[in-house]
Peer 1: 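Here it is, the structure in full.
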Amino acid sequence: MKLRYLILLATLSSFSTFAGETAKGSNFMVLDNQTWPTGEESGFYLFNGTGISNVVEGPTETAAIECHGSGFWGPEGTKSHGVCIHGVDSDQYTSSYKREQGQSSGMWEITHGTGTGKYLGIAGQGTYTTNMLPGGRAISNWQGEITLPQ
């Protein structure tokens with residue numbers, strides 16, 4: 001009986017929610033996008049943006065950001081998927097992002113830290129919203145949880 005209990009406990013703990021430090025901020029980017037129409041009110045785009053990720057709360061620091069992705073737009077909304085590289089040199093981490101068509105917000109997840117810097121072993125996830133601004137600029141407000149390695 002104890003073995004069954006231990007197996008059940010191990011199984012349930014593998015489905016536990018992510019627990020990290022609360023994090024939020026905004027990414028301010030200048031865009032270099034390419035678009036191709038696929039219909040009268042729809043199309044495909046490639047997204048490239050560089051700028052600053054301003055951390056308001058959390059264990060990471062305000063730093064340079066570079067994002068790349070692609071997606072489709074149409075009457076039902078915009079669908080997107082891509083990656084962002086946060087920081088410079090050995091203090092970098094990479095996150096992926098995804099927004100389904102018709103959704104006002106998307107999901108992000110930190111995929112890994114790079115180099116030998118302080119973000120090696122970082123983990124995190126959360127949500128974001130993006131607003132396009134005049135002049136080829138965008139702002140993404142994000143929030144979630146981030147855990148730094150100990």
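These numbers were taken from a predicted model, which means no experiment stands behind them.
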Peer 1: A side-chain contact here means heavy atoms from C-beta on lying under 4.5 Å apart; do T114 and Y93 qualify?
Peer 2: no
Peer 1: What are the two closest non-hydrogen atoms of N33 and N48, and how far apart are they?
Peer 2: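 The pair with the smallest heavy-atom distance is OD1-N, 3.3 Å.
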Peer 1: Got a list of side-chain donor-acceptor pairs under 3.5 Å for residues 100-107, not counting sequence neighbours?
Peer 2:
residue	atom	partner	partner atom	Å
E100	OE2	K98	NZ	3.3
Q101	NE2	G77	O	3.2

Peer 1: Which heavy-atom pair separates T127 from W108 by the least distance, and what is that distance?
Peer 2: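 Between these two residues, the closest heavy atoms are O-NE1, 3.1 Å.
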Peer 1: For N54 and S26, which I'm curious about, is there any donor-acceptor pair between the side chains at under 3.5 Å?
Peer 2: no
Peer 1: Determine the interplanar angle of the W73 and Y45 rings, folded into 0 to 90°, and report it as parallel if under 30°, tilted if 30 to 60°, perpendicular if over 60°.
Peer 2: tilted
Peer 1: Hey, what do you get for CG (D32) to OG1 (T50), rounding to the nearest 0.5 Å?
Peer 2: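 The CG atom of D32 sits 8.5 Å away from the OG1 atom of T50.
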Peer 1: Step by step, would you call S70 with H81 a side chain to side chain donor-acceptor pair (under 3.5 Å)?
Peer 2: CA-CA 6 Å; S70 63; H81 187 258; over 6 Å; no
Peer 1: Check step by step if side-chain contact (heavy atoms from CB on, under 4.5 Å) holds for T94 and I110.
Peer 2: CA-CA 6 Å; T94 302; I110 296 174; over 6 Å; no
Peer 1: I need the H112 NE2 to L120 CG distance, nearest 0.5 Å.
Peer 2: 9.5 Å
Peer 1: Kindly write out the residues that satisfy ring pair (Phe, Tyr, Trp, His ring centres under 6.0 Å) with F72, not counting sequence neighbours, or none if the list is empty.
Peer 2: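 Only F44 meet the ring pair (Phe, Tyr, Trp, His ring centres under 6.0 Å) criterion with F72.
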Peer 1: Looking at every non-hydrogen atom in both residues, tell me the closest pair between M29 and S140 and how far apart they are.
Peer 2: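 The answer is CE-OG, 4.4 Å.
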Peer 1: What I want to check is whether the side chains of H86 and T60 have a donor and an acceptor closer together than 3.5 Å.
Peer 2: no
Peer 1: Give the intermediate values and the outcome of side-chain contact (heavy atoms from CB on, under 4.5 Å) for residues T22 and Q143.
Peer 2: CA-CA 8 Å; T22 299; Q143 61 184 6; over 6 Å; no
Peer 1: Between I85 and Q92, is the side-chain contact (heavy atoms from CB on, under 4.5 Å) condition met? List the steps.
Peer 2: CA-CA 7 Å; I85 298 105; Q92 287 186 341; 3.8 Å; yes
Peer 1: Considering non-hydrogen atoms only, spot the tightest contact between I65 and S53 and give its length.
Peer 2: CG2-N, 3.8 Å
Peer 1: Could E61 and K118 be called an ion pair, given the rule that one side-chain N must be under 4.0 Å from one carboxylate O?
Peer 2: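 Judged by the 4.0 Å cut-off on N to carboxylate O distance, E61 and K118 do form a salt bridge.
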Peer 1: Closer than 3.5 angstrom, by distance alone: can the side chain of T62 be matched with the main-chain N or O of V55 as a donor-acceptor pair?
Peer 2: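 Confirmed, T62 side chain pairs with V55 backbone.
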Peer 1: Could you tell me whether the side chain of T38 and the main chain of G43 form a donor-acceptor pair under 3.5 Å?
Peer 2: yes
